[in-house]
J.: 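What follows is a single structure, and I will ask about it in a moment.
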Amino acid sequence: MPGFNALFADHILLARNHVSKELIDPAAAKTENPPSEFEIQILTYIFSHCISEILSGEHDIQHLVSGYSMGIYAALCHAKSISFETGLHLIKSAYDCCRDDIGEMKWGMATIIGLTRPDIEKLTLNRLPHIEITNQNADISFVVSGPEIELTLLMDFAREEGALHVRNLGVSIPYHATVLRNAACSFSRKLKEHSIAPPVVPMISLIDGHRIDGIEGVQTELWKNLCTPLNWFNTMRKMVGLGVNQFVECGPSTGLIRNANFIEGDFRFLSPHTYYRKIIP
Amino acid sequence: MAKITASTRKEVSEVVYRFFAEECETDVASINDQTNIISDLDGDSLMFLELIEIFKKKYNLEIELKVIGKYAVKHPVATIGELIDMQMLIIEHENRLLDNS
């Protein structure tokens, strides 16, 4: 997209000054020195923010915004609730709270495609007590969080049960799992140190589909986002119900675009590239 | 069960080729049976799932995803040709697919 590379590079410099001194552009990174888990979060945030900036500048249409998982920070930035810099500090603060809370224990997240929610719940019942379904992308597409040892077992069980695809997401923090409630509590206290405004663009919660209003509403959504299961499937259906007929993915993955093919409704879901190429006059 | 005719493989191949050309924004002429779905086309499991849904509707198939998943564990698919072979077996055997493994 025109202007993206320069904008991305500028924002990497900003992120270096604020939260991550060693951050480098992944295009320039050596393969033997990949970005850390925290740096990936920052890079993803920068990517989404830059796409959102370019699209916002090009086309002013009535729209809603919703942030998938840690995409909540880029979504808040798009909604003019926080500045880009505040987003950087919030991500750092949330990450530190989670790291401090989980200590040395190994946790993780995985995706399971091809099984239903009852299928997964049956696999975990009485065997894997700490596994939680922490996001639903479609009827048969889920994200789970839990201790690494239980995740490994669940992935084996899921394959045996007939899952079409299972994948460890390679992260060490079980985001959106209730085990992070102490981390979320610490994060909620730190939120008061940051400048947050009410969203200007209507923003939809991934927790329960409600519209996030006011400063307190944003703060509550932010700490809850860490320790509450999300549901992208229901959020999308809610937005379609509100009359949304076009979605544009601002993140670097095409996963949600593909998932949308399994959600009924009269809408289209575009990559930013397609949106820019085909829609913007 | 759907009746397999001489033209079925041709139909299935055409649908698979066209699907990947559209989804991966590539020229259909650049795809052949040896094309690797992941390394050459950057394909993924959701594409596979979409294709299954397309064939379920097209041939009115009765097959559970879990049956296909269990079959795929034993017979992993890497290329377009292997995917077409698997779709043919799905169309032919539906929920009895595992009897064929």
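Just so you know, these numbers use all the heavy atoms, side chains as well, and skip hydrogens, waters and symmetry mates.
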J.: Does any heavy atom of chain B fall under 4.5 Å from the side chain of A:Asp119, the backbone, both, or neither of them?
T.: side chain
J.: Within 45° of the six-membered ring axis of A:Phe247 and under 6.0 Å from that ring's centre, is NZ or CZ of A:Arg268 located there?
T.: no
J.: Go through A:Ile12 and A:Leu43 one step at a time and tell me if the side-chain contact (heavy atoms from CB on, under 4.5 Å) criterion holds.
T.: CA-CA 8 Å; A:Ile12 283 191; A:Leu43 288 167; 3.9 Å; yes
J.: So, taking the atom named CG in B:Leu49 and the one named CG in A:Asn259, what distance separates them when rounded to the nearest 0.5 Å?
T.: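 Between B:Leu49 CG and A:Asn259 CG, I get 9.0 Å after rounding to 0.5 Å.
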J.: Is NZ or CZ of A:Arg237 both nearer than 6.0 Å to the six-membered ring centre of A:Phe233 and within 45° of the ring axis?
T.: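 Checked: cation-pi criterion met.
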J.: Side chain from CB out, backbone as N, CA, C, O: work out which of these in B:Glu64 comes under 4.5 Å of a heavy atom of chain A, or both, or neither.
T.: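 No part of it gets close to chain A.
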J.: Given the side-chain rings of A:Phe47 and A:Phe4, with only the six-membered ring counted for Trp, is the space between their centroids under 6.0 Å?
T.: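 Here the rings of A:Phe4 and A:Phe47 have centres that are less than 6.0 Å from each other.
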J.: Identify which of B:Met47, B:Lys66, B:Glu23 forms the greatest number of heavy-atom pairs closer than 4.5 Å to chain A.
T.: B:Lys66
J.: Please state whether the side chain, the backbone, both or neither of B:Asp42 comes within less than 4.5 Å of a heavy atom of chain A.
T.: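 Answer is neither: B:Asp42 stays 4.5 Å or more from chain A.
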J.: Name the option with the most non-hydrogen atom pairs under 4.5 Å to chain A; the candidates are B:Ile68, B:Val67, B:Leu46.
T.: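 Among B:Ile68, B:Val67, B:Leu46, the one with the most close pairs to chain A is B:Leu46.
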